[in-house]
Amino acid sequence: MKMVTAIIKPFKLDDVREALAEVGVQGITVTEVKGFGRQKGHTELYRGAEYVVDFLPKMKIELAVSADLLEQVVEAITSVARTGKIGDGKIFVTDLEQAIRIRTGETGEEAL
């Protein structure tokens with residue numbers, strides 16, 4: 001089992017969710033986050049005053065998948081979230097030792 005964490009632009013969330021559903025992903029967790037990478041924020045003008053926005057709004061998507069579904073999931077996220085501009089985001093894949101469904105007690109891939 002693998003844990004996939006993707007940081008994407010907010011306006012791409014619905015497209016990514018639809019692409020993941022087509023691949024067969026049954027559940028995801030989404031969190032509104034702020035951060036920066038190479039983008040390093042930007043300058044905005046508000047009521048005549050200029051100020052720097054260091055942290056940009058992003059969406060963090062987390063999902064647990066079986067190892068055989070991993071390539072399809074990564075491809076779905078990458079193809080849909082890519083705009084070709086800086087700040088498109090990142091995908092992190094980590095090993096997932098155990099998953100337990102609280103309601104039924106199912107463990108492993110059965111719990112996904």
Side-chain angles (χ1 to χ4, degrees):
M1 294 181 298
K2 302 291 184 179
M3 176 63 83
V4 178
T5 303
I7 309 295
I8 62 169
K9 291 183 175 185
F11 67 89
K12 287 292 190 174
L13 178 61
D14 285 335
D15 296 337
V16 170
R17 185 187 52 78
E18 289 172 12
L20 290 172
E22 288 176 16
V23 170
V25 173
Q26 294 182 351
I28 64 173
T29 301
V30 177
T31 311
E32 290 183 24
V33 295
K34 292 185 179 198
F36 69 92
R38 291 184 182 163
Q39 244 178 324
K40 293 189 176 59
H42 62 277
T43 304
E44 288 188 3
L45 196 61
Y46 180 71
R47 295 190 177 182
E50 215 176 77
Y51 66 100
V52 177
V53 178
D54 290 331
F55 295 101
L56 301 172
K58 302 286 182 182
M59 299 304 285
K60 179 179 179 182
I61 302 170
E62 296 173 295
L63 56 147
V65 297
S66 59
D68 59 334
L69 197 60
L70 178 64
E71 287 299 318
Q72 292 174 289
V73 166
V74 170
E75 176 60 32
I77 296 170
T78 304
S79 63
V80 174
R82 179 182 291 136
T83 66
K85 297 178 183 166
I86 195 166
D88 277 349
K90 295 229 178 7
I91 300 173
F92 304 102
V93 179
T94 54
D95 287 324
L96 184 59
E97 255 184 67
Q98 182 65 284
I100 302 159
R101 177 171 286 137
I102 295 173
R103 179 177 54 88
T104 62
E106 291 171 302
T107 62
E109 289 192 17
E110 295 172 358
L112 299 180

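Position 1 is the first residue of the sequence; numbering continues from there.
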Task: Which atom of Leu112 lies closest to which atom of Ser66, heavy atoms considered - done: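 Heavy atoms of Leu112 and Ser66 come nearest at CD1-N, 3.8 Å.
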Task: Closest contact, heavy atoms only, Gln72 versus Val23 - done: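 Closest heavy-atom pair between Gln72 and Val23: CB-CG1, 3.6 Å.
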- [ ] Taking atom CD of Glu62 as the centre, report whether more than 12 heavy atoms of other residues, nucleotides or ligands fall under 6.0 Å from it.
- [x]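 Enclosed: over 12 neighbouring heavy atoms sit under 6.0 Å from CD of Glu62.
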Task: More than 12 heavy atoms of other groups within 6.0 Å of Gln26 CD - done: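 Count not over threshold, so no.
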- [ ] Evaluate the side chain to side chain contact (heavy atoms under 4.5 Å, CB included) criterion for residues Ile28 and Val16: first the C-alpha distance (whole Å), next the side-chain angles of each, then the deciding distance (0.1 Å), finally the verdict.
- [x] CA-CA 11 Å; Ile28 64 173; Val16 170; over 6 Å; no
Open item on the list: With side chain to side chain contact (heavy atoms under 4.5 Å, CB included) as the test, pick out the partner of Val93 among Val73, Val74, Thr5.
Closed with: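 Among Val73, Val74, Thr5, the one meeting side chain to side chain contact (heavy atoms under 4.5 Å, CB included) with Val93 is Val74.
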Task: Test item: Leu96 and Lys2 side chains (from C-beta on) under 4.5 Å apart, heavy atoms - done: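 No, too far: nothing below the 4.5 Å cut-off.
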Open item on the list: With a 4.5 Å cut-off on side-chain heavy atoms, are Phe55 and Val33 touching?
Closed with: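 Contact flag for Val33/Phe55 side chains = no.
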Task: Donor-acceptor pair, side chain of Asp88 and main chain of Arg82, under 3.5 angstrom - done: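 Judged by distance alone, no pair lies under 3.5 Å.
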TODO: Answer yes or no: is there a donor N or O on one side and an acceptor on the other, between the side chain of Lys58 and the main chain of Gly87, under 3.5 Å?
DONE: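 Yes, because the side chain of Lys58 sits within donor-acceptor range (under 3.5 Å) of the backbone of Gly87.
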Open item on the list: Quick check for you: to the nearest 0.5 Å, what is the distance between Lys90 atom NZ and Ile7 atom CD1?
Closed with: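 Lys90 atom NZ to Ile7 atom CD1 measures 9.5 Å (nearest 0.5 Å).
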Open item on the list: For residues 14-27, which residue pairs pass the salt bridge (Lys or Arg N to Asp or Glu O under 4.0 Å) check, not counting sequence neighbours?
Closed with: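 The answer is none; no pair qualifies.
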TODO: Scan for salt bridge (Lys or Arg N to Asp or Glu O under 4.0 Å) pairs involving residues 99-112, sequence neighbours excluded, and state none if there are none.
DONE: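 Pairs touching residues 99-112 that pass the test: Arg101-Glu106.
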Do [X] and [Y] sit in one hydrophobic cluster, given that two such residues count as connected whenever their side-chain heavy atoms are within less than 4.5 Å of each other, even indirectly?
X: Val65; Y: Met1; result: no
X: Val30; Y: Ile77; result: yes
X: Leu63; Y: Ile100; result: no
X: Ile61; Y: Met3; result: no

